[in-house]
Amino acid sequence: MKVMENNSEILSGYGGGYEPADEARISEKLLLGLSGRQYLDLIVKNPVNWAVAAILVIGIPLLLQRYLMGLSSVTHGSQDYPWGIILGFGLFGMVPLSASGFMLGTTVEIFQRADFKPIERLALLNGLLGYFFAVVFLLVDLGMPWRLHYAMFVSFGPAAVLFLVAWHVATYLSVQIAEMLPAFAEWANLPRLKRFVRSIVLGLTIAGIILSTLHQGALGALFCYAPGKIHPLWISPEFQWLHYFVSSIFGGLCMVIVVSSLVRRYMTWRCDTNFLGNLDGITLGLAKGAAMAFITYLIIKIVAVAHDEEWLYLVSGWGIYYLAELFTMAVVPLCLFAVGVRHRRVTLVRWGALIAVLGIVWNRLNTVLVSYNWTSHQEIPTWQECWLVATILCFYFIVYRFVLYRLPVLFTHKSA
Amino acid sequence: MKLKMNRRSVLKTLVSSAVSAAFLRPGGNASAHDFSGYETNRGVLVDLSRCIGCRSCEAACNREQGLPAPHIAFDDQSVFEQEHSRRPDQNAYTVVNKYDSLLWEHPLFRKIQCNHCLEPACLTACFVNAYTKTPEGAVVYNADVCVGCRTCMIACPFSIPAFRYDSAFSPRIMKCIFCYDTRLSKGRPPACVEACPMEALTFGNRQELLSIARKRMRREPHRYVDYIYGEHEAGGTSWLYISPVPFAKAGFDMEVPKQPILNFVKDFLAMVPMVLTIWPGLFAGIFLLCRRRGSVAGTGESQESKISGEIIDESHGE
């Protein structure tokens, strides 16, 4: 709360939110109309920045160590657990939470629900940054990150699931950048760029749906390569892609609810009345959509258990752990959403969304780390590996906040 | 007249063959579905009852492939007590483990290396095509295109490929290549087979090895359990094992699927073209449906404000 007051104090001189004149210089726009000294003051007075700095002070040397001395200098370098917490969290956890872009893109541009318009850009930005940082996480974990483009231009294995993931994430990143261009064009005062992107927005949105359906599913299908290594409750080859796809639907929606709740509280000065005034209604609307996805998810999870005849596993220790995950990820949020929507209690929905977001990340980590090699030993990540995850998350936070402060995401630009 | 007919028939043939070449691809495609492996696929039959755990094969492999010196010498038998259940890693393409069994007269030893599957999971999972199955049966790896994603390590049902995590600038997958470059491509058996003093390893055509295995089992039924590990595991492997005790007792993973790993991802891969072709029309159609409703309802007012007005009414109604 202290943070917000500080920011508001400094920025309130600009009538709540700073909106630069179209002809203002880029440097002025970047500094939010403050002098360099004032801006520095803004950074130093914010305790969140000190926490971020504390993580980075250790994290950046660790990152250098990883690139100069090899992966095993910061991880266990386990031959039995090829994918650790960096990919488990960064790629498999971040991507479903970034489905928000295509969910809200579809709602507003295809279904033409203009009532969700105020949150569309936040959802698109959340998607873009989530994907971008999933790739950053990948670059940390990949053995030869300088060869990231090989699957596109050098050597092709088109029958592999990862080939599809690589191509789709790359093209979808481009689509998401294009979808965010109107906001950038408004900020940088480039009206012709905005008009051009608006003219192809339908194509972009449909491309986004196709690419998202396939690569969200493909991330699940990747685990079908290891049917014998993952505990049967976490792998069902016929339904795995469907589990991952459907959970990304409520994942994306819940992440937008969580992020919008945070900015509403800690970045109030940046939001306009169109955003703040409509947010409660929109949150309930998103919760309704997510509730449908929760129900679908629960049903196909039960179908998978029935299809693979895994009922007996449910009464084992693994089964209890599995049910705990399923309750956290879907049942508890579903109940909170039902009560929240019925009685218009938005706070309940916001907490439910947070639980679902944590639940999805838990599910992905359970598949990559916990239930993987369930018949042999359990990999526990090193503290350095976890710290690297926190470090990249800090970069994510910094970039996210930087963009929200400037681009017309939480407020409508005067030209719109 | 005759000339014309000829020309027409030639054209017909040309066109029809071009069409069939372009769309039907006769033969090629059909045989890919029925492909049951190269007839020239070589393999090795490992007889657990003959192995004495001398580790000559480990030493020979290390020499042949120029791998780093081991931290426990190859003639030191204490490795079996110090490190139970070793696996091939970045320093060793093959390892031998010891299994004490009351069911057999002496301890059993099991040599582990790449089994060179007929339909390799590593190969099908690799998105940069770094793996190749050669007609001789070897599964070889090309470090020049590898990105280091390690999906092959996830996919391999025998957990064979290892990654050189300790290298920052030239990491790569390390795995047995059946001595392809130096031996197999020239028709010679791999170094480990040649080094075996007990003839526990038999090199030959996979089909012949299967019949040799059956012959041994028939001649001395008390000496072998009635199973050939690798005949069906993961769709069949080039390396085959016969054992005097149930395979699970000698550390073999009996949960390995009896079909190629690729089969488990086929469901998803088959869905891909459906989404690519159906989604665009479907969602463009939904877009048009939604727009039509708006414009019919809109009378004078702009379409967007009409829709948002409707929605607001709706939410107030709840």
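Every heavy atom of this structure was used, including side-chain atoms; hydrogens, water molecules and symmetry mates were not. Predicted, not measured: the structure shown is a model, and the values here were computed from it.
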Using non-hydrogen atoms only, which part of [X] is less than 4.5 Å away from chain A: side chain, backbone, both, or neither?
| X | result |
| --- | --- |
| B:Tyr131 | neither |
| B:Thr151 | both |
| B:Arg87 | side chain |
| B:Pro280 | both |
| B:Ala143 | backbone |
| B:Cys146 | both |

Heavy-atom cut-off 4.5 Å, strictly under: side chain, backbone, both or neither for [X] against chain B?
| X | value |
| --- | --- |
| A:Asp141 | both |
| A:Phe116 | neither |
| A:Ile230 | neither |
| A:Thr205 | neither |
| A:Thr213 | side chain |
| A:Leu202 | side chain |
| A:Tyr150 | both |

Tell me whether [X] contacts the main-chain N or O of [Y] through its side chain, where contact means a donor paired with an acceptor under 3.5 Å.
| X | Y | result |
| --- | --- | --- |
| A:Lys229 | B:Cys156 | yes |
| A:Trp83 | B:Cys149 | yes |
| A:Tyr225 | B:Leu262 | no |
| B:Arg150 | A:Gln79 | no |

Which heavy atom of [X] sits nearest a heavy atom of [Y], and at what distance?
| X | Y | answer |
| --- | --- | --- |
| B:Ile154 | A:Ala226 | O-CB, 3.6 Å |
| B:Asn129 | A:Ser155 | CB-OG, 3.9 Å |
| A:Ser78 | B:Tyr165 | O-OH, 2.8 Å |
| B:Ala168 | A:Leu68 | CB-O, 3.3 Å |
| A:Glu109 | B:Phe287 | O-CD1, 3.2 Å |
| A:Pro82 | B:Met153 | CG-CB, 3.4 Å |

- Any residue of residues 111-120 of chain B which, by heavy atoms, sits under 4.5 Å from chain A: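 Within residues 111-120 of chain B, no residue comes under 4.5 Å from chain A.
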- Query: Quick check: are there more than 12 heavy atoms from other residues, nucleotides or ligands sitting under 6.0 Å from NE2 of B:His232?
  - Reply: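 Not more than 12 within 6.0 Å, no.
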- Message: Please rank A:Ala207, A:Gly217, A:Ala160 by heavy-atom pairs under 4.5 Å with chain B and give me the top one.
- Response: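 So the answer, after comparing A:Ala207, A:Gly217, A:Ala160, is A:Ala160.
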- Please lay out, stage by stage, how A:Leu214 and B:Met271 fare under the test side chain to side chain contact (heavy atoms under 4.5 Å, CB included). CA-CA 9 Å; A:Leu214 288 177; B:Met271 192 267 306; 4.0 Å; yes
- Taking non-hydrogen atoms and a cut-off under 4.5 angstrom, which of residues 232-239 of chain A neighbour chain B?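 So far as heavy atoms go, A:Pro237, A:Glu238 are the residues that approach chain B to under 4.5 Å.
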